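Working notes, structure below.
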Amino acid sequence: MMTDPDSDVTHDHLLNKTVAITQPKNGYRVGTDAILLAAAVPQRTKRILDMGCGVGGVALCIAKRLPDVHVTAVEIDPDMLALAERNIKDNNLAAQIRLLTGDIKALSPVLANSFDHVVSNPPYHDTRGTRPQNRSRALAHMGEDTKLADWVKAAIWATKPRGRISFICRADRASELITAFETNGAGETLLCPLWPRHDTPASRVIIQVRKTITGPGAILPGLVLHNDSGDYTQSASRIMQGGALYLTHPARS
């Protein structure tokens, strides 16, 4: 009896069906976090590092939005890495995305201080909570032996001086993340709240910092994702179709 190699995956699309993505049927799946994080990368960026790329959702969206960038994507899970490789091939983005396998705490020394922008959707769930039974979901939500501070240190290590770092995380961990960035040498923090609806607390935030910059930060207006009918708002819909999420410091606008 032959086993269908695709029986455990689904075939989905992102950015108004311009990106095809194969991902696990169960476990961690690419969602709006990946699209929003990718949208926060400005157009003038050239070299990008995606830490913990999973099946490649963030890297694929960046490469599709910005055809002149080159993305290095790192993943430790071999099953996710195999799917990421398949997704890159299926979207004809091999010239723009390079995959590396490994631990973000042990990246190759040649990657130090070399990226204009580092992005990550790190395992941001509190490790004191209940660990998901699904292996890939547990790894994506809580990591294995890495703390949030380890992701911060790795991102700062890989970024060029004055380069940018963008993380998406749960709103209740924003202060912890900002403190970790500032403690390790990155500032001028921009905090972009992501509101599920206009009258609900923010559930996620995007935090963007600059390495070796110590200026004051700003809380941005943020983005409301859904209207009362449950559909995407006009602003969110534009981003879901490939638009940019502009994070601009008030002093530089």
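Model, not experiment: these values are computed from the prediction.
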Measuring from atom [atom1] of [X] to atom [atom2] of [Y], what distance do you get when rounded to the nearest 0.5 angstrom?
| X | Y | atom1 | atom2 | result |
| --- | --- | --- | --- | --- |
| Trp157 | Lys105 | CH2 | NZ | 14.0 Å |
| Leu247 | Ile207 | CG | CD1 | 11.0 Å |
| Gln208 | Phe181 | CD | CZ | 10.0 Å |
| Lys89 | Asn91 | NZ | CG | 12.5 Å |
| Leu93 | Asn87 | CG | CG | 10.0 Å |
| Leu14 | Gln23 | CG | CD | 7.5 Å |

Min side-chain heavy-atom separation [X]-[Y] under 4.5 Å:
| X | Y | answer |
| --- | --- | --- |
| Val152 | Phe167 | yes |
| Leu36 | Met240 | yes |
| Lys160 | Asn113 | no |
| Cys53 | Val58 | no |
| Gln96 | Val71 | no |
| Pro122 | Leu148 | yes |
| Ile206 | Leu194 | yes |
| Val30 | Asp12 | no |

Can a donor-acceptor pair be found, under 3.5 Å and without considering hydrogens, that links the side chain of [X] to the backbone of [Y]?
| X | Y | result |
| --- | --- | --- |
| Thr159 | Val118 | no |
| Thr189 | Val209 | no |
| Lys211 | Ile156 | yes |
| Ser108 | Leu111 | no |

What is the minimum heavy-atom distance between [X] and [Y], and which atoms define it?
| X | Y | answer |
| --- | --- | --- |
| His13 | Lys17 | CB-CA, 3.7 Å |
| Cys192 | Leu245 | SG-CD2, 4.4 Å |
| Ala202 | Pro196 | CA-CD, 4.3 Å |
| Ala154 | Met51 | CB-SD, 3.9 Å |
| Pro193 | Val205 | CA-CG1, 4.0 Å |
| Gly54 | Ala84 | O-CB, 3.5 Å |

Shared hydrophobic cluster, [X] / [Y] (ILVMFWY, side-chain heavy atoms < 4.5 Å):
| X | Y | answer |
| --- | --- | --- |
| Val224 | Ile35 | no |
| Ile178 | Ile219 | yes |
| Phe115 | Leu100 | yes |
| Trp195 | Leu191 | no |
| Leu60 | Val9 | yes |

Check the side chains of [Y] and [X] for a donor-acceptor pair under 3.5 angstrom, ignoring hydrogens and angles.
| X | Y | answer |
| --- | --- | --- |
| Arg204 | Thr32 | no |
| Thr18 | Asn16 | no |
| Arg98 | Thr72 | yes |

> So Ile62 and Asp50, side chain to side chain contact (heavy atoms under 4.5 Å, CB included) or not? Walk me through it.
Replying inline: CA-CA 10 Å; Ile62 292 173; Asp50 177 11; 5.8 Å; no
>> If you count heavy atoms of other groups shown closer than 6.0 angstrom to NZ of Lys153, is the number above 12?
In response: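 No - once you tally the heavy atoms of other residues, nucleotides and ligands closer than 6.0 Å, there are 12 at most.
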> Should we count CZ of Arg238 as having more than 12 external heavy atoms under 6.0 Å?
Replying inline: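 Atom CZ in Arg238 is packed in, count exceeds 12.
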>> Against Ile88, only a single residue in Leu83, Ile97, Val55 fulfils side-chain contact (heavy atoms from CB on, under 4.5 Å); can you say which?
In response: Ile97
> Restricting to pairs with a member in residues 216-232, which pass side-chain hydrogen bond (donor to acceptor under 3.5 Å, both in side chains), not counting sequence neighbours?
Replying inline: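 For residues 216-232, and leaving out neighbouring residues, the side-chain hydrogen bond (donor to acceptor under 3.5 Å, both in side chains) pairs sorted by first residue read His198-Asp228, Asn227-Ser229, Ser229-Asp231.
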> Any Lys/Arg nitrogen of Arg164 or Asp116 sitting under 4.0 Å from an Asp/Glu carboxylate oxygen of the other?
Replying inline: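 No, no charged N to carboxylate O under 4.0 Å.
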